[in-house]
Protein chains: 2
Amino acid sequence: MTDLEDKLVLFMPSGRRGRFPVGTPLLDAARSLGVYVESVCGGRGLCSRCQIEVTEGVFAKHGITSSAAHLTPPGEADARYHLRPGRRLSCAARILGDLVVDVPAEFAVNRQVVRKRAETRRIAVDAATRLVTVTLVPPELQRVGDLDRLIAAIEAETEYRGLSCDAPLLPHIQSALHVGTVTVAIHEDTDRPLLIGLWPGTRTTAFGVAFDIGSTTIAGHLVDLTTGRTVASAGTANPQIRFGEDLMSRISYLMLNPNDRNALTDAVRGAIATLISRLAGQVGITEADILEAVFVGNPVMHHLFLGIDPTPLGQAPFALAVSGALRLAARDLGLAIHPCARVYLPPCIAGHVGADAAAVALADGPQHHDEVTLVIDVGTNAELLLGNSSRVLAASSPTGPAFEGAQISAGQRAAPGAIERVRIDPASFEPRVKILGVDPWSDEPGFAEAVESVGVTGICGSGIIEAVAEMFLAGLVSAEGLIQPVVTPRIVAHGRTYAYTLWRGETDLTITQTDIRAIQLAKGALYAGARLLMDHFGVDHVQRIKLAGAFGSYIDPKYAMILGMIPDCRLDHVSAIGNAAGTGARMVLLNRFHRAEVEALVRRIEKIETALEPRFQEHFVNAMALPHRSDPFSHLAAAVTLPQAAPRPRRATRRSA
Amino acid sequence: MTDLEDKLVLFMPSGRRGRFPVGTPLLDAARSLGVYVESVCGGRGLCSRCQIEVTEGVFAKHGITSSAAHLTPPGEADARYHLRPGRRLSCAARILGDLVVDVPAEFAVNRQVVRKRAETRRIAVDAATRLVTVTLVPPELQRVGDLDRLIAAIEAETEYRGLSCDAPLLPHIQSALHVGTVTVAIHEDTDRPLLIGLWPGTRTTAFGVAFDIGSTTIAGHLVDLTTGRTVASAGTANPQIRFGEDLMSRISYLMLNPNDRNALTDAVRGAIATLISRLAGQVGITEADILEAVFVGNPVMHHLFLGIDPTPLGQAPFALAVSGALRLAARDLGLAIHPCARVYLPPCIAGHVGADAAAVALADGPQHHDEVTLVIDVGTNAELLLGNSSRVLAASSPTGPAFEGAQISAGQRAAPGAIERVRIDPASFEPRVKILGVDPWSDEPGFAEAVESVGVTGICGSGIIEAVAEMFLAGLVSAEGLIQPVVTPRIVAHGRTYAYTLWRGETDLTITQTDIRAIQLAKGALYAGARLLMDHFGVDHVQRIKLAGAFGSYIDPKYAMILGMIPDCRLDHVSAIGNAAGTGARMVLLNRFHRAEVEALVRRIEKIETALEPRFQEHFVNAMALPHRSDPFSHLAAAVTLPQAAPRPRRATRRSA
């Protein structure tokens, strides 16, 4: 091994490897292999997030003799952060020889829970909170208070007028003014500009958080308010789940246990506090560096986060306590961020269409298009927006959490080990599957070796949907949704019905008749909601469908259409728009004019209450069939090429029944 | 004993007694005897404050056989309040026979500590918080939130526009709207009208508190915001006293123990919480019924109440952290009143001239007069305002607490048992005194019997001042302030100096040379401050002097002038204006235009810093003499008729020395 030869570097735990010239920064090597090592500062040795460890030893199988001596010695940047023994900053460490490099779990982004990632959308930055640095001349004999002197200095150097000071800042004015130069944070989204932060010296970074509080998952993004960059993301399960899996069960719980309302509020606020702490920790800031927070969520989450009883949302007239946008002090919500931090919540659209849907509408709503566009955000409930540049309607559909893998016998949340993709051979009825966190499909080389580390633990939402759709296409499920007693070892008796064995392992994973019913109910509700909006809008088809959230990102639109979850539409006009609620939340966090925009938008959205419309029930009953009775199958021929669709012996006979 | 005979009623513990016709309400009997039984509702059986107990038994000494049966039986009003066994409402109980009536301590107003009483001044009521009752029509299908519906209803019935809702109210909107009629409290002293209270049904009373936070005493008044009436007053010693008797000693304590700042803040806030609870209890409301609070105090108290470090106020440039008026949420100060209650603090005038002086200026400042007027508010520090309708100056003088009876060997606070008035016979040198809480003077009939219950416990501020002035007038003290070795049993040797025995009892009460020095220092500082302001104003005498606070109410202006505490002025132009700081606090509590007025006034007041003026020291040294060297005695002849002034054998000889 000489210096002229490229060196072999193996990254663990991903197992990715490559050869690199001597002198290559380890961070660059990781990136060129697609190994995710976090770096906030862009490899400038300023954030300490790109830490790795070198595993010492001879790895005969890989032909590597790894040693920490195969990196350039620790330098100034490493010393600055007092790294744990053995840790190095990968941006500062350059390759000298072969290496086995371990990326510590805490510095690999947690992809397992958070499917609600921040999109990379560019948002014009005009945050409601700004930093201003001013220099004060010390007075010989002071005739006004320090605060008044500070405000006079700010007004002399800026166009701010009529500044007031938030209460928790009052005790901190004096000490900051001991130095001549101070930086203040001024919040502009109050009636008069409000001093909310004060630091001695010059300060150039201010942070905000944007949260999407879902019934199942809470996701947060930490955003640099000056650059607009999302510097960290984190998510967690909503701990309210112990009070009920879905919204209605939590409302029912509260109706029976009204004194537990604070417990639900505390649970969601506690989870948010933990996430904020994690977000801050990821980039080496403190909670007190966070000056703004935005929260979106469905109406029940919105109310519980605010400490408001959500039970009136459980029955007609589905009355929201508060529908308008809210501008609050973080401390009034018990948020442990900067004591003067401000909170913004966009308006809720209607009793079942929340601030999350308002954020989706802001980010990528139908009003952006001249064509009739349907936007669907499926979380535990589905929120629907239909319209175009001249008119927008909104409704929600009670899909329940089946699309998220809940209420499914072998269901699980999307996490490594979950079956996420399914194909069933229509001749042999044998499945092949793709496991989350495992690159090869189950019938591809290397699968057995790759699956060993994660195992196969259950079926997540996208896996269920594809399994049901593929079973239908293979003739294993009838249009009514009944599993057929087809003669194959994969179909087994299951009580008085049948089940399909999707995976054989230590524990078999099966799709039962109950699972199919759950999917039928969920997709029927979703389709019926969309149809109802189309009725109100006066169209019988839509020109464009946008799928927001995890639903849109992880579920193949083709299968959504096969199941009849979404109305007919040209498949190439169906697109995933990612975590639009999160994007909308970041938009109102980063640009105060987007606040005015979303408030005006929500005022003009027409609200349709599905639960009060007889036609919704009608559409719902019709939509239970696969795909749905109103126009069975015909649209599929136009929209999709279905290679598996040719041999359907058993289903053909059943359709006449 | 027949019904035709008037019945004998003895009230305990005061011992007052009288005969009343059968059928007389007991409350009326108490009032006609000057027995203080609290009554808020005016004897209408609505406030439950006028409770008494009847003592059963034969009181041979008084010739009374008392029995609860000698009152009309308990009625509806008594039943309403679930009184303790034996308790009766004195307004509802009528006299049927002889009675011994006990007024429970908690229903007798505590006159002992509070000398800062609310004046009866009439203030035009235009409070920043108003109640509005609106009726809402329940919606068939609700398309906006309850809050938005409520705001729309308010805007339809009033001229309020752009209402916002305070955060703690959000969880309470729904339940209040279950009834069609609700009352809201709207606060107008924010940039936009703010909903701060919401109650089902009709509500017509809203309360506020006005506090004067003195270094020694904290006094609070509970005010009905709709009528402007002061419905209760209470006071307590400032518990910060354990950290130092006066302001400078508390600042010194904090300089040595900077970590104890919160302890001082907690102490004052705790005392305020206790007073608020007492005030509310006095009229049968809860703390949550209080929607507004105003606090005035000297700069150190102002800062400590706000949680701000006051130590910069202890040295040049005597920098206030905050000098402007403050509008805050009560919850941000940890005040346990209504969770949305608002707080207002008037501006501080200067580093040593606080929001209390601003309140005095508002209530009765020199700007109200064309003549040159000096307003003096002596608490532990003296705050001085000098000027007229065209120009006002302000300063403070470090008098210390001697005028309040502190730092005096036999000194005590003003409480029953304290010597409050003193006269010394210039021939015999024998004193006669008046005891606080005892009506006759010590040489009047009935004194011995009356003094028995309270005893003679010390000398309060007014007593000290009169004692020193009378000793001076009797020739017992020289112009330099030295006690003279006059041959009388009242003058006794006291170390290397002399002392005057003012009271002979179980413990003798004496005036020592040190006591006289303390009074000289205090009065010298006060006089020097006034002179300095006169220098700045360009006058050598003032046309009007107003004495605010306890100083003004309890100290005879004649004696203040004899001692040379205040500048020369026609005695009939010297007046006591009572608790002007408390009046000013109630003015800004009750009328939001007074807030604008005090803020504009303070902006135009010229601030004089006594500690930085060499002339202050000069005036101070000159003013140590009795009365003061600049114009000894001559003014007294014009101002006062001094009957004791004729025989001054010893002093005449000393004056030439």
Side-chain angles (χ1 to χ4, degrees), chain A residues 138-149 151 162 164-168 170-175 177-178 190-192 261-262 265 299 303 306-312 316-324 326-329 331-333 339 343 347-351 603 606-607 609 612, chain B residues 138-149 151 162 164-168 170-175 177-178 190-192 261-262 265 299 303 306-312 316-324 326-329 331-333 339 343 347-351 603 606-607 609 612:
Chain A
E140 288 202 2
L141 172 59
Q142 187 156 335
R143 300 206 184 266
V144 295
D146 289 326
L147 173 61
D148 310 74
R149 200 157 58 91
I151 288 176
S164 62
C165 178
D166 204 8
L170 292 173
H172 304 286
I173 305 283
Q174 293 161 321
S175 51
L177 295 198
H178 283 171
T190 36
D191 291 304
R192 62 173 68 200
R261 197 175 82 224
N262 289 343
T265 297
H303 277 35
L306 292 169
I308 301 173
D309 180 11
T311 58
F318 310 104
L320 285 158
V322 185
S323 58
L326 292 171
R327 290 166 173 83
L328 304 168
R331 60 187 181 276
D332 283 336
L333 300 175
V343 169
C348 288
I349 297 176
R603 274 192 292 273
E606 300 165 44
K607 292 86 183 171
E609 182 48 71
L612 299 183
Chain B
E140 288 202 2
L141 172 61
Q142 186 157 337
R143 300 205 183 268
V144 296
D146 290 327
L147 173 61
D148 311 73
R149 200 156 59 91
I151 288 176
S164 64
C165 178
D166 204 8
L170 292 174
H172 304 287
I173 305 282
Q174 294 161 321
S175 51
L177 296 199
H178 282 170
T190 37
D191 292 303
R192 62 173 66 201
R261 198 175 83 224
N262 289 343
T265 296
H303 277 37
L306 291 169
I308 300 173
D309 180 11
T311 57
F318 310 105
L320 285 159
V322 185
S323 57
L326 292 172
R327 292 165 171 83
L328 304 168
R331 60 187 181 277
D332 284 336
L333 300 175
V343 169
C348 289
I349 297 175
R603 273 192 294 272
E606 299 166 48
K607 292 86 185 172
E609 182 49 71
L612 298 183

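Every chain is numbered from 1 and lettered A, B, ... according to where its sequence line falls, protein lines coming before strand lines.
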Exercise. By a 4.5 Å heavy-atom criterion (distance strictly below it), what part of A:His303 contacts chain B: side chain, backbone, both, or neither?
Worked result: side chain

Exercise. Heavy-atom distance under 4.5 Å to chain B: side chain of A:Arg331, backbone, both or neither?
Worked result: side chain

Exercise. Closest approach of B:Pro171 and A:Leu306, non-hydrogen atoms and distance?
Worked result: CG-O, 3.9 Å

Exercise. So, the side chain of A:Gln174 versus the backbone of B:Pro312: is there a donor-acceptor pair under 3.5 Å, distance only?
Worked result: no

Atom pair [atom1] ([X]) and [atom2] ([Y]), whose distance is rounded to the nearest 0.5 Å:
X	Y	atom1	atom2	value
B:Leu170	A:Leu328	CG	CG	6.0 Å
A:Arg603	B:Asp148	CZ	CG	10.5 Å
B:Asp146	A:Ser323	CG	OG	8.5 Å
B:Ser164	A:Leu326	OG	CG	10.0 Å

For this session: Against chain A, label B:Ile151 side chain, backbone, both or neither, depending on which of its atoms sit under 4.5 Å from a heavy atom there.
Result: neither

Exercise. Contact part of B:Asp332 toward chain A, heavy-atom cut-off under 4.5 Å: side chain, backbone, both or neither?
Worked result: side chain

For this session: Tell me, out of B:Ile173, B:Asp309, B:Thr190, who's got the most heavy-atom pairs with chain A below 4.5 Å.
Result: B:Asp309

